[in-house]
Amino acid sequence: METESVRTEAEKEQATPTQGLSKKAQKRAAKAARFHELKLERRAREKEARKRKQQERARAVANGECDANTTHKRRKTGAVGGGSPFNARLVIDLGFDELMTDKEINSLTSQLAYTYSANRRASHAFSSLLFTSVNGRTKQRLDAMNDAGYRRWSNTEWWEDSYERIWTRSLSPVGPPSHDPTNAPTNSTPEITADADDLRRSVVYFTADSEHEVLELKEGETYVIGGICDHNRYKNLCLNKANTSQIRHARLPIGRYVSLATRKVLTVNQVVEILLKWVETRDWEKAFWAVIPKRKFQGVKRVDTEDDGSTTNEVEDGNEPSGYANKESTDLEGA
């Protein structure tokens with residue numbers, strides 16, 4: 001009886017953390033606990049497998065079957081795609097924290113990870129990847145993901161300041177990247193300096209609400225993408241920012257090459273992948289068709305650019321100017 005009483009008390013203590021939770025919340029907690037247990041078991045198996053391989057290699061060396069000086073060839077997961085980098089800076093403006101829900105911030109931070117991965121593996125990656133206005137819930141979420149794994153991303157910079165620091169602090173538009181994902185020292189002096197007006201003129205903010213179309217990307221320039229996941233609630237956010245900062249703005253030439261059958265919204269990483277694909281192919285049409293999800297093309301055909309001399313970015317329904325607005329300016333829909 002005493003043993004049974006002790007067991008009952010222990011069960012009560014274990015049940016305490018879930019008391020007061022809804023059934024759905026209890027299920028989520030139980031699922032998270034199971035996932036954690038499976039993760040620990042998987043890591044234990046992987047550790048044991050590595051130990052066995054080391055033992056097998058040691059035996060092979062002892063038997064003369066393997067050269068002890070031979071090194072294992074490991075897949076380079078962090079290597080750039082192999083080609084020369086595209087000497088331009090890509091900026092993700094995260095200055096929209098207060099306009100998003102927690103769920104949208106979670107989606108956005110996942111998109112940032114895909115963005116980094118896409119640039120790292122591209123055949124001609126942007127030479128500098130900068131994240132600005134890293135504050136608030138976005139930073140909290142990044143810190144919570146994979147034990148602040150973003151701090152270990154190579155060739156990236158992370159600023160609490162806005163992108164305007166590019167010219168207000170006389171930094172080079174394509175200067176040496178910082179491996180420390182924090183604010184660069186305010187007293188640092190880059191090797192290359194330039195006049196603030198020249199630096200400002202080198203910056204282009206992508207927004208589908210712009211009346212200008214970008215026809216090519218140029219080395220030595222800085223391209224800003226608005227990092228917001230808002231399900232198309234807000235209009236002219238990035239355009240207004242660009243005008244306030246007195247910098248150039250442009251939209252992607254989507255209407256010249258494609259017309260979309262669904263909502264004209266893409267994620268941050270998809271916009272980046274389009275830019276990377278253009279750098280690789282120097283062909284916007286190939287870039288759009290390679291990256292934009294195929295479901296958005298259902299029932300539509302490629303635009304005949306020879307017959308269509310229009311420079312507008314309006315889609316066939318004509319109801320939403322530059323229907324890609326929230327994609328190019330990244331007033332984005334979370335994946």
Side-chain angles (χ1 to χ4, degrees), residues 1-61 71-79 92 94 97 100-121 129 131 134-156 158 179-182 227 229 231 267-270 272-273 293 295 332-335:
M1 295 292 294
E2 183 178 352
T3 303
E4 184 177 348
S5 176
V6 171
R7 184 183 301 130
T8 302
E9 290 298 325
E11 291 174 351
K12 288 181 179 180
E13 291 179 1
Q14 291 178 356
T16 301
T18 59
Q19 287 181 353
L21 297 178
S22 65
K23 290 185 178 180
K24 187 174 182 180
Q26 291 179 23
K27 288 181 179 180
R28 284 200 300 266
K31 183 178 180 180
R34 288 196 301 271
F35 179 80
H36 181 67
E37 292 176 1
L38 292 173
K39 184 178 181 179
L40 294 178
E41 292 176 2
R42 184 175 69 253
R43 287 183 174 177
R45 289 196 301 269
E46 291 171 350
K47 184 177 180 180
E48 186 63 27
R50 288 194 299 269
K51 186 176 180 180
R52 285 199 305 271
K53 287 184 179 180
Q54 291 174 354
Q55 293 173 346
E56 291 173 359
R57 176 171 171 76
R59 285 195 296 268
V61 171
T71 58
H72 293 289
K73 291 184 178 179
R74 301 185 65 179
R75 184 171 65 92
K76 295 182 179 180
T77 57
I92 309 299
L94 301 177
D97 191 88
M100 292 181 285
T101 65
D102 289 342
K103 183 177 181 180
E104 288 167 343
I105 286 178
N106 291 346
S107 295
L108 174 64
T109 50
S110 296
Q111 293 169 26
L112 300 184
Y114 287 123
T115 292
Y116 166 69
S117 179
N119 190 62
R120 186 187 66 180
R121 298 177 185 277
L129 183 57
F131 300 84
V134 185
N135 298 288
R137 291 172 299 156
T138 301
K139 186 177 187 300
Q140 292 174 6
R141 174 61 179 169
L142 286 168
D143 287 337
M145 291 174 60
N146 192 25
D147 192 24
Y150 75 99
R151 295 179 178 272
R152 299 184 290 275
W153 294 359
S154 60
N155 297 324
T156 61
W158 300 80
H179 293 275
D180 182 14
T182 58
C229 174
H231 293 78
T267 60
V268 173
N269 55 288
Q270 287 169 341
V272 172
E273 288 170 19
R295 67 179 183 275
L332 305 166
E333 178 182 15

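Quick note: residue numbers are just sequence positions, from 1.
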Please report the closest heavy-atom contact between [X] and [Y], naming both atoms and the distance.
X: Glu104; Y: Met100; value: OE1-CA, 3.3 Å
X: Val268; Y: Gln111; value: N-OE1, 3.1 Å
X: Asp147; Y: Arg152; value: O-NH1, 3.5 Å
X: Leu21; Y: Gln26; value: O-NE2, 3.0 Å

Does one side chain, of Tyr116 or Asn269, offer a donor that lies under 3.5 Å from an acceptor on the other? no

Taking only residues two or more places apart in sequence or in another chain, which ones pass side chain to side chain contact (heavy atoms under 4.5 Å, CB included) with [X]?
X: Asn135; result: Ser133, Glu160
X: Gln54; result: none
X: Lys23; result: none
X: Ala30; result: Arg34

With sequence neighbours left out, what residues match Thr138 under side-chain hydrogen bond (donor to acceptor under 3.5 Å, both in side chains)? Asp97

Sequence neighbours excluded, the answer for side-chain hydrogen bond (donor to acceptor under 3.5 Å, both in side chains) partners of Asp102 is Arg137

Side-chain touch [X]/[Y], heavy atoms, less than 4.5 angstrom:
X: Asp143; Y: Arg151; result: yes
X: Arg45; Y: Glu48; result: no
X: Phe131; Y: Leu112; result: yes

